[in-house]
Amino acid sequence: MGKEKRGSERREDALSRERIVEAAIALLDDQGEDGLTFRALATRLETGAGAIYWHIANKDELLIAAADVVVARAMPEVPASATPQESLRGLAVAVFETVDAHPWVGAQLSLAPWESPMLRIFERIGHQFQAMGLSDRAQFTAGSTLMSYIVGVSIQNAANGRMLDPSVDRVEFLNTVSARWKELDANEYPFTRKLAAQLPGHDDLAEFLAGIDLILTGIAASR
């Protein structure tokens with residue numbers, strides 16, 4: 001009886017919260033949020049759903065924990081020589097690429113902005129605005145604005161990528177959209193028609209960073 005008990009304890013210890021979260025991340029990457037069920041997770045972990053509930057209360061808690069792990073890993077090291085602007089650009093790229101690689105993370109950032117995954121990003125942004133010498137009031141406004149841009153554009157970029165079938169060529173698709181924009185009514189859509197030719201050749205990450213620079217330039221000017 002003693003040996004059976006020790007073996008049972010070893011199996012329970014092996015099924016840690018960390019193992020469950022790692023398995024959930026793999027399942028989310030493979031099948032998305034709809035594919036994450038405690039039954040599917042139990043199968044992947046070769047255990048029972050009840051054992052998982054011992055560590056994780058529900059799916060919402062699991063999604064937040066999984067997103068938090070992915071975001072924490074993505075946070076770049078800040079070189080001692082980096083300026084606040086350089087550090088913020090590096091952070092922005094990390095979030096952009098992470099949400100692109102794990103679209104479900106973007107959903108968690110938007111659905112639970114008060115939870116730890118979003119707070120990690122907000123904290124990193126705040127450190128750099130403190131280094132820039134912004135007032136407390138300006139830090140809140142600037143931090144909220146920049147975070148909204150970083151997260152919002154990253155989520156939209158990932159959503160755009162999922163809209164197209166993998167077999168669809170991106171440039172061909174954008175050429176088609178560009179052609180439609182050029183045919184819009186000149187009086188109602190003069191701006192869109194004028195910029196239609198730039199659509200096929202634009203680089204999503206480069207445009208994203210250009211927006212970051214615009215925001216940072218405005219913040220620096222207002223200081």
Donor-acceptor under 3.5 Å (Ser144 side chain, Thr141 main chain): no

Working for side-chain contact (heavy atoms from CB on, under 4.5 Å), residues Val99 and Asn157: CA-CA 9 Å; Val99 174; Asn157 175 73; over 6 Å; no

Donor-acceptor contact present, side-chain Lys59 to main-chain Leu36, <3.5 Å: yes

Pairing of Arg44 and Glu22 as salt bridge, 4.0 angstrom limit: no

Pairing residues for Asp60 by the salt bridge (charged side-chain N to carboxylate O under 4.0 Å, His left out) criterion, not counting sequence neighbours: none

Rounded distance (nearest 0.5 Å) linking atom CZ of Arg193 with atom CG of Leu184: 7.5 Å

Rounded distance [0.5 Å steps], CG in Leu27 versus CD1 in Ile25: 11.0 Å

Worked verdict on Phe96 versus Asp204 for side-chain contact (heavy atoms from CB on, under 4.5 Å): CA-CA 10 Å; Phe96 186 89; Asp204 293 327; 4.3 Å; yes

Short side-chain to backbone donor-acceptor contact, Asn175 and Val171, under 3.5 Å: yes

Chi angles and distances behind the side-chain contact (heavy atoms from CB on, under 4.5 Å) call for Leu62, Leu41: CA-CA 11 Å; Leu62 182 56; Leu41 193 57; 3.6 Å; yes

Residues, nucleotides or ligands: over 12 heavy atoms within 6.0 Å of Asp34 CG: no

Backbone N/O of Ala94 and side chain of Glu97: donor-acceptor pair under 3.5 Å: no

Leu174 vs Arg170 side-chain heavy atoms within contact, under 4.5 Å: yes

Value rounded to 0.5 Å, distance of CG in Leu195 from NZ in Lys182: 11.5 Å

Under 3.5 Å donor-acceptor, Thr47 side chain and Thr43 backbone: no

Backbone of Leu134 reached by a side-chain donor or acceptor of Gln139 within 3.5 Å: yes

Shared hydrophobic cluster for Leu88 and Ile215 (ILVMFWY, side-chain gaps under 4.5 Å): yes

Backbone N/O of Ala196 and side chain of Ser178: donor-acceptor pair under 3.5 Å: yes

Flag side-chain contact, heavy atom, 4.5 Å: Trp54 against Leu15: no

Hphob cluster co-occupancy, Val78 + Val95, side-chain heavy atoms under 4.5 angstrom: no

Side-chain heavy atoms of Leu63 within contact of Leu28, under 4.5 Å: yes

4.5 Å side-chain heavy-atom contact, Ile219 and Phe129: yes

Atom pair CE (Met147) and CD1 (Ile125), whose distance is rounded to the nearest 0.5 Å: 6.0 Å

Cluster overlap Leu111 with Ile64, hydrophobic side-chain contacts below 4.5 Å: no

Salt bridge flag under 4.0 Å for residues Arg89 and Asp213: yes

Side-chain heavy-atom pair Met118, Val151 within 4.5 angstrom cut-off: yes

Steps toward salt bridge (Lys or Arg N to Asp or Glu O under 4.0 Å) verdict (Arg17, Glu61): CA-CA 11 Å; Arg17 180 183 175 90; Glu61 180 184 330; 2.9 Å; yes

Cluster check Met132, Leu91: I/L/V/M/F/W/Y, side chain < 4.5 angstrom: yes

Backbone N/O of Arg124 and side chain of His127: donor-acceptor pair under 3.5 Å: no

Heavy atoms from other residues, nucleotides or ligands near NZ of Lys194 exceed 12 (cutoff 6.0 Å): no

same_hphob_cluster(Val71, Val93) at 4.5 Å side-chain heavy-atom cutoff: yes

Least distance between heavy atoms, Leu45 atom then Ala23 atom: CD2-CB, 3.7 Å

Plane angle bin for Phe122 and Phe140 - parallel if under 30°, tilted between 30 and 60°, otherwise perpendicular: perpendicular

Contacts of Tyr149 that satisfy ring pair (Phe, Tyr, Trp, His ring centres under 6.0 Å) - sequence neighbours left out: Phe208

Under-4.0 Å salt bridge between Arg73 and Asp68: no

Side-chain heavy atoms of Phe38 within contact of Tyr53, under 4.5 Å: yes

Point-to-point distance, once rounded to the nearest 0.5 Å, from CD1 of Ile212 to CD1 of Ile150: 4.0 Å

Sequence neighbours excluded and cut-off under 3.5 Å, please list the side-chain donor-acceptor pairs for residues 102-109, or say none.
from	atom 1	to	atom 2	distance (Å)
His102	ND1	Asp29	OD1	2.8
His102	ND1	Asp29	OD2	3.2
Trp104	NE1	Asp29	OD1	2.8

Distance, nearest 0.5 Å, that separates CD1 of Ile121 from CG of Leu146: 10.5 Å

